[in-house]
Structure formats: C-alpha cells, structure tokens
S.K.: 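Below: one structure in structure tokens.
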There are 2 protein chains.
Amino acid sequence: MTERAPMAERIMAAADRLFYQKGIRAVGVDTVAAEAGISKRSLYDTFPSKDALVAAYLRQRIQPLPPSDLPPAAQVLALFDQLHVRFAHGDFRGCPFVNAVTELAEDCETARAIALDYKEDRRRHIASLLVRAGVRDPEVLASQIALLFEGAIASMLVRQDAEVALQARDAAAVLIRAAET
Amino acid sequence: MTERAPMAERIMAAADRLFYQKGIRAVGVDTVAAEAGISKRSLYDTFPSKDALVAAYLRQRIQPLPPSDLPPAAQVLALFDQLHVRFAHGDFRGCPFVNAVTELAEDCETARAIALDYKEDRRRHIASLLVRAGVRDPEVLASQIALLFEGAIASMLVRQDAEVALQARDAAAVLIRAAET
DNA sequence: TGCGTGTCACACAGATCGGTGTGCCGCATC
DNA sequence: GATGCGGCACACCGATCTGTGTGACACGCA
C-alpha cells in the first residue's frame, strides 16, 4: 500500500528524468534517490552500482516504434515531423544514447553497445521502409537519412531551434526522390 | 628558460587534450595542472575559475578554415573528406562544442554561445561556397549540408566507423546536384 | 503476540571536487 | 647583499561523489 509503484520503477522514473535533463555525470545517486522518494540504501539494494543504474536507464530508453498505415516513404519523413514535435515540447535534450557516450567518454563501453543496438534498429527500420518504397540502394540511403536525423538532433541541441527538423526532412525527401525509379 | 612555453599556453594545451579526450566534467583542475606541469595555484592565477578555463578551451578550438583553390562545390565535399581523415587519425571524440553543451547541460550558456558562433561561421562558409557554385537556395542547402556534417560526427562517435563521413559526402553531393541549374 | 521482511534515516568511509591560504625557494634586478 | 616577485609545494576548506554499515520502525503473517 505504501508503494504505489514498485521500487525499481520509481527509481527508473527519477533516473530517467534527471539523467536525461541534467546529464549522467552531473547527477549523483543521492539526488536520484531523493527524487524517487526512497533512501539511498534501497537504491543500492535494487541496483548494485551507478553504472548498473545508468545501463538500465539507457536500456529503458529503447522503445519500439508505433506502427503506421502511411505509405513507406511518408513514414520515413514522418520521423522528422515527430522529432519536430518532440523538440517543441520543451524538454528536449538531445539523444540520450549519444549523450551517454559523450559524457562517459572513456568509460562508455556499455553505453556504446546499447547506443549501437538502438541506432542499428532504427537504421534497419528506415531501410525496410525504403525497400517497400522501392528506391535504389535502400541500405545506403537509410544510413544517410539516419545521418540527417542525427544531425538534426545535434543541431537542435545547440541551436534550440526546431526548424532544423523540417530542413532535415526536406533534405531526406530530396534524397529519397533522387533514389526513385 | 625554465618556461619553454608561456604559462597560459601550457595550461591550454593540457586542458585541450584532457577536456576533449576525457570530457569536461570528468577532468578536474588538479589533473589539468598536473598534465601542464604546473601547480594548481599557478593555474588559478592564470584562469580565475574552471568555467573560465573551459570557455578558453572552447574559444581556442575555433580555427579559421584554410583557403583552397578547388571549385566551390568540391570544397564543400572536401569538408567531409577532411572529417574522414580526422576520424582515421584515432583521437576523434566528436565535436568539442556539441560535447560541451551536452556535458554542461543546464550550465551551458557560455558554451552554447561559443558553439553557436562556430556553427554559424561554418554554415556561412558553406553557404558562400554554394553561392559561388550557383545552386538554388544556397542558404537552406548550406543548413542541410551542415546537418549531414553534424550527423556524421555524432554517428562516428557512437559507431566508431569512419565510413559514415563518406556516406555523408555522397548524400551532400546528391543534394547539391539536385539544386543545380 | 512474536517473528521476518522491507524500508527508513543516519552516519560513515575514502576519494575527489573547485578553490584558497601560506610559506618557501630561485632568480633577476638594483 | 637586499629586495621583490613568479612559481612552487602543501595543507586545507566545505561540498560532493560512490558505496556501505547500522539500528529502528512499520508492516504482513503465523
């Protein structure tokens, strides 16, 4: 009764908000425990170390993309519109996976592995859509569109301007069009 | 005689290496002083705070691009080849400005301002080349190519694969070609 | 009623953080 | 030789870091 949500979930909710918003290195475990409304002791009973907590935070950030009934090429472009919306929401702080690799620097083996999984999943998703769209070289084109996506995220982070998402989408549209027939 | 290089330069050389390679938050002032071969006291006599040291580190990272006699469109594409070379060099750790904004998170006002200056300079440089190349919408195209550049950097950081630079270059070539005539 | 469990608050360890104060030493200049 | 000064070593400050140990309290269950 005292626990509305299970311990691990409450911790993860706090860790997600704090790590993403303020940065992994900038947030101590005390802060996470306080935000979760639990004691540091309970946190360490649930996660053996901060590294494990960070890994769980990143793994939790991997979410499957919702299915769509748009035509495949439009689905690819819609990814950029979703990015545009996400940024306008105000709490955008870049890609948590890239951020983790950046922050952890020389201690980012685990983070990099998780980031690679995520990026590769997304690239494959784009590639499968492009195959259905019948374009030439769908694998390479998927990588290039993923680059535009990544670039839009990084640029939004420093420029604080959502418009780059639309510029990226337009560029992606040009690339797709150039690969048609 | 004891000082082969002036104090500030020795500090900056150490700070540049450490901040870029290991991250700003991950490196303390003691480490910088030790790497520079000076005392922490002397460091604080030269830079009033770590924030000032970080700002100097970032400002020093802004370097003018060398002139080139290639045709303008080729110069734009050459930027990606240079990125490819830089990555192959082995000590690539992403864009120091984006990294600083990522690491400093909520305390990144100064870093973001410097990053914006740098990114805008580079975008303008690309735009002026595109104007000379006579393409349509050179300003927008410059932004889109800058996005590819940013995306290549972020992707190299997590994938550790220099090939993305060439994929980005190819995509840029397609965008430029689509904007010709 | 008594026991076990889960969680709490709290204090602590040892390290590191950014930043400062102090006193000494080598050296150049007068 | 005296003086001043730049740089050094070193100790220290309070705060924070990750991680642990402890003892108490509240609860479910027998």
Side-chain angles (χ1 to χ4, degrees), chain A residues 1-58 99-100 102-111, chain B residues 1-58 99-100 102-111:
Chain A
M1 187 70 78
T2 166
E3 11 144 7
R4 186 45 59 212
M7 178 119 308
E9 287 181 23
R10 263 186 300 168
I11 297 174
M12 284 312 297
D16 187 88
R17 206 188 70 79
L18 290 169
F19 284 157
Y20 182 65
Q21 219 55 237
K22 301 181 193 293
I24 293 171
R25 284 206 125 101
V27 171
V29 288
D30 306 76
T31 311
V32 175
E35 170 99 358
I38 60 160
S39 74
K40 192 163 58 157
R41 205 68 188 79
S42 302
L43 191 154
Y44 272 103
D45 287 343
T46 309
F47 295 96
S49 68
K50 185 182 180 181
D51 282 354
L53 181 59
V54 170
Y57 150 65
L58 289 176
N99 291 1
T102 298
E103 286 197 76
L104 271 23
E106 290 175 337
D107 316 313
C108 71
E109 300 311 312
T110 308
Chain B
M1 189 69 77
T2 165
E3 12 144 6
R4 187 44 59 212
M7 179 118 309
E9 286 181 24
R10 262 187 300 168
I11 296 173
M12 284 312 297
D16 187 87
R17 208 188 67 81
L18 291 169
F19 284 158
Y20 182 64
Q21 219 54 237
K22 301 181 193 294
I24 294 171
R25 284 205 124 103
V27 171
V29 287
D30 307 74
T31 310
V32 175
E35 171 99 359
I38 61 161
S39 73
K40 192 163 58 157
R41 205 69 188 78
S42 302
L43 191 154
Y44 272 102
D45 287 342
T46 309
F47 296 96
S49 67
K50 185 181 179 181
D51 282 356
L53 181 60
V54 170
Y57 151 64
L58 289 176
N99 291 0
T102 298
E103 287 198 75
L104 269 24
E106 291 175 336
D107 316 313
C108 71
E109 301 310 312
T110 307

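The shown structure was predicted, so the numbers you read here are calculated from the model rather than taken from an experiment.
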S.K.: May I ask you to decide whether A:E103 forms a salt bridge with A:R25, counting only side-chain N to carboxylate O separations under 4.0 Å?
M.R.: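 No, this pair does not count.
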S.K.: Given C:dC8, is OP1 or OP2 found less than 4.0 Å from the side-chain N or O atoms of A:S42?
M.R.: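 True: A:S42 side-chain N/O within range (under 4.0 Å) of C:dC8 OP1/OP2.
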S.K.: Can you tell me how far P of D:dC17 sits from CZ of A:F19, to the nearest Å?
M.R.: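 Spelled out: CZ on A:F19 to P on D:dC17 is 11 Å.
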S.K.: What is the per-nucleotide protein-contact pattern of nucleotides 17-24 of chain C, from the 5' end, where B denotes a base atom under 4.0 Å from a protein heavy atom, S denotes such proximity for sugar-phosphate atoms only, and - denotes neither?
M.R.: SSBBBB--
S.K.: Apply the side-chain contact (heavy atoms from CB on, under 4.5 Å) test between A:M7 and each candidate in A:T46, A:L43, A:D45; give the one that qualifies.
M.R.: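 Of the listed options, the one satisfying the test is A:T46.
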S.K.: For a side-chain contact (heavy atoms from CB on, under 4.5 Å) with A:V27, tell me which candidate from A:Q21, A:K22, A:R17 qualifies.
M.R.: A:K22
S.K.: Are the side chains of A:T31 and A:L18 in touch, meaning some heavy atoms are under 4.5 Å apart?
M.R.: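 They are in side-chain contact.
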S.K.: Between atom CZ in A:R10 and atom C1' in C:dG6, what is the gap in whole Å?
M.R.: 12 Å
S.K.: Are B:F19 and B:L58 close enough, and set up right, to give a side chain to side chain contact (heavy atoms under 4.5 Å, CB included), and what steps lead you there?
M.R.: CA-CA 10 Å; B:F19 284 158; B:L58 289 176; over 6 Å; no
S.K.: Any non-hydrogen side-chain atom of A:V32 less than 4.5 Å from a side-chain atom of A:K50?
M.R.: no
S.K.: Atom CG of B:D45 to atom P of D:dA9: distance rounded to whole Å?
M.R.: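 Rounded to the whole Å, the gap is 14 Å.
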S.K.: Expressed as a whole number of angstroms, how long is the span from B:M7:CE to D:dC5:P?
M.R.: 18 Å
S.K.: Given side chains that start at C-beta, do those of B:Y44 and B:V29 come closer than 4.5 Å, heavy atoms only?
M.R.: yes
S.K.: How many angstroms lie between atom CG of A:D16 and atom CD1 of A:I11, to the nearest 0.5 angstrom?
M.R.: 13.5 Å
S.K.: Where along residues 102-111 of chain B does a heavy atom come under 4.0 Å from DNA chain C, residue by residue in number order?
M.R.: none
